[in-house]
Protein chains: 2
Amino acid sequence: MQHNLKKINSELNPNVSVDCVIFGFDLEQLTVLLIDRGEISSAFGPRLALPGNLIYDNENLDMAANRVLAELTGLKNIYLEQVRAFGDPDRIHKEADREWLKSIRAEPEARVITVAYYTLVPMSDYIPQAASFAKNADWVPVNLIKELAFDHYEILQAAKDKLKQKIKIQPIGFNLLPEKFTLSQLHRLYESILEKPLDKRNFRRKIQKLDILTSLREKQRGVPHKPSSLYEFNEEKYQELTQTGFDNFGF
Amino acid sequence: MQHNLKKINSELNPNVSVDCVIFGFDLEQLTVLLIDRGEISSAFGPRLALPGNLIYDNENLDMAANRVLAELTGLKNIYLEQVRAFGDPDRIHKEADREWLKSIRAEPEARVITVAYYTLVPMSDYIPQAASFAKNADWVPVNLIKELAFDHYEILQAAKDKLKQKIKIQPIGFNLLPEKFTLSQLHRLYESILEKPLDKRNFRRKIQKLDILTSLREKQRGVPHKPSSLYEFNEEKYQELTQTGFDNFGF
DNA sequence: ATAGCTTTGTGTCAATTTTACACTATCCAA
DNA sequence: TTGGATAGTGTAAAATTGACACAAAGCTAT
């Protein structure tokens with residue numbers, strides 16, 4: 001066997017990982033999919049972490065993010081957008097994190113930079129109980145998160161910021177909702193992403209003007225108040241819109 | 001000597017590099033600072049590349065970008081903003097690039113992901129002739145660039161896009177101008193960043209309303225036309241503005 | 001000195017967009 | 001039937017945008 005400077009394909013690269021910030025929306029608030037790392041770490045610090053892992057030497061970053069996400073949650077073929085790279089050499093400094101890495105990595109002390117991705121999925125795409133292979137992933141309301149493993153809290157904040165920006169430029173929020181939804185739900189969604197209240201009437205007017213909603217002849221049932229009508233997302237118009245691009249959807 | 005899995009501090013990390021997109025403005029058009037790689041590569045492909053290099057294992061990415069920039073151009077203490085990571089395993093596929101790497105790197109075949117940064121500097125901060133240590137860096141008008149080494153052309157485009165976005169949200173363009181400048185120069189700057197014409201009167205109106213310019217009692221001299229008055233950038237007001245944040249500076 | 005070239009600097013009006021704001025309608029539960 | 005909850009709706013004032021043209025000031029060449 002020769003000098004092994006040139007790495008074999010399909011070998012893990014000990015220096016580069018990807019982490020995924022998967023946003024959901026429970027119709028009340030923004031949530032994010034986190035991995036419970038279990039007892040090993042709980043004695044020291046936060047049990048929760050973003051789904052992430054080292055990349056292989058022969059895969060590009062986008063593919064790696066997709067693979068890791070699939071491995072940890074079963075979510076497949078999700079379009080993930082890059083947030084940015086995080087590369088503080090000290091980003092893994094908590095004792096619990098070091099311990100945990102020892103249990104799962106060949107080179108736990110290697111310096112790792114990570115590339116963060118984010119995306120939006122309907123929460124129904126991932127249901128914890130049903131995902132047997134999932135390593136204890138679960139949705140957690142973003143507001144309740146006070147700390148995470150490694151520098152994942154910082155990553156989460158960066159992803160939130162990116163999302164805030166993005167939603168002003170593209171109508172991405174729809175990815176978070178079920179097929180049929182109400183304008184109020186959409187309204188709450190925007191408010192929880194932007195973290196500020198939006199005037200109801202003005203919001204509705206603005207959304208309607210985008211002309212990407214199809215009003216269904218259907219209403220909510222069983223709610224203890226006036227039922228709201230349901231809408232669908234008009235994919236065709238949406239495509240047009242993102243093609244031509246619209247500069248300003250400022251809230 | 002022991003098994004050397006744990007890397008020594010201050011060792012180059014063969015897997016991670018940084019590249020810097022340094023924008024300037026020659027009062028006519030947007031420019032970018034490129035390194036001439038010289039004859040070694042010219043037989044095969046583009047001689048020009050972004051300033052960049054591998055990071056050390058013990059430095060964070062932002063610091064690495066700053067160090068590399070200083071080493072290659074002498075520019076110091078520049079605030080660099082991250083664009084994103086680029087990690088296609090095939091991003092170094094041109095023959096010329098491989099040859100060049102062999103001449104400067106210990107592990108030329110290692111898979112490298114790179115983290116791109118960008119910033120804006122007044123062109124007067126870097127003057128090629130004066131920089132003896134600089135490895136043939138020079139300003140090149142962005143419009144003239146058709147190809148670059150590695151995937152640097154793609155990186156440049158991504159940096160341009162980021163800049164376009166950013167300038168709609170923050171008045172960063174001022175970093176590119178000399179201390180005293182005219183509104184026409186600022187106008188041209190915005191046009192060349194946004195790559196579209198802007199109505200002169202409307203532009204001026206909008207800028208003035210920001211209230212971050214101080215009109216000097218001074219005019220251009222020696223120009224073969226009506227001299228324009230010079231302005232200074234009012235740092236105090238600017239700070240206020242970025243603090244409070246302004247959502248919409250849409251052109 | 002003057003004619004010609006070049007760029008600066010300025011205002012208005014119409015159309016659009018934004019903001020602020022309050023009451024009735026509809027369903028369920030008690 | 002009443003009370004509680006949320007849905008749904010319009011308008012007027014203010015601010016912003018977009019389109020557009022001409023006189024003023026300096027230099028140069030004659």
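Chain letters run A, B, ... following the sequence lines, proteins first and then strands; every chain starts at 1.
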Looking only at side-chain N and O atoms, does B:Ser229 come under 4.0 Å of OP1 or OP2 in C:dT8? no

At less than 4.0 Å, is any side-chain N or O atom of A:Lys226 found next to OP1 or OP2 of D:dA5? Yes or no. no

Listed nucleotide nearest any side-chain atom of B:Arg204, set C:dG9, C:dG11, D:dG8: C:dG9

Compare side-chain N and O positions of A:Ser184 against OP1 and OP2 of D:dT6 and report whether any pair is under 4.0 Å apart. no

Separation of C:dG4 atom P from B:His225 atom NE2, nearest Å, is 20 Å

Side chain of A:Arg201 - closest among D:dG10, D:dA19, C:dT18: D:dG10

Remember a base hit wins even if backbone is also touched, and classify B:Lys219 as base, sugar-phosphate or nothing at under 4.0 Å, heavy atoms. nothing

Hey, which sits more toward the 5' end of DNA chain C by its nearest nucleotide, A:Gly222 or A:Lys200? A:Lys200

Residue A:Asp199, side-chain heavy atoms: nucleotide from D:dA7, D:dC20, C:dC21 that is nearest: C:dC21

Both A:Pro227 and B:Leu183 contact DNA chain C. Taking the nearest nucleotide for each, which residue is further toward the 5' end? B:Leu183

Taking the side chain as every heavy atom from C-beta outward, state whether B:Leu80 and B:Ile22 have any atom pair closer than 4.5 Å. yes

Between D:dG8 (P) and A:Ile207 (CD1): distance, integer Å: 14 Å

Whole-Å distance, A:Gln220 CD to D:dG8 C1', equals 13 Å

Please determine, for the side chain of A:Asn202, which listed nucleotide (D:dA19, C:dT18, D:dG10) has the closest atom? D:dG10

Value in whole Å for how far the P atom of D:dA7 lies from CG of A:Leu213: 15 Å

Validate the cation-pi geometry between A:Arg188 and A:Phe181: distance from NZ or CZ to the six-membered ring centre under 6.0 Å, angle to the ring axis within 45°. no

Establish, from distance only, whether the side-chain atoms of A:Ser228 and A:Gln220 form a donor-acceptor pair under 3.5 Å. yes

Over how many whole Å does the gap from B:Lys209 atom NZ to D:dA15 atom C1' extend? 8 Å

If I take atom CZ in residue B:Phe203 and atom C1' in nucleotide C:dG9, what distance separates them, rounded to the nearest angstrom? 14 Å

Here the distance between atom C1' of C:dT8 and atom CD of B:Gln185, to the nearest Å, is 12 Å

Find out whether A:Leu48 and A:Ile145 are in side-chain contact, i.e. whether some heavy atom of one side chain is under 4.5 Å from a heavy atom of the other. no

Respond yes when some side-chain nitrogen or oxygen of B:Lys206 is under 4.0 Å from OP1 or OP2 of D:dT17, and no when none is. yes

Measure CG/B:Leu230 against C1'/D:dG26 and give the value in whole Å, please. 15 Å

State yes or no: are the ring centers of A:Tyr190 and A:Phe203 separated by less than 6.0 Å? yes

Between the base of D:dG18 and the side chain of B:Arg205, is there any donor-acceptor pair under 3.5 Å? yes

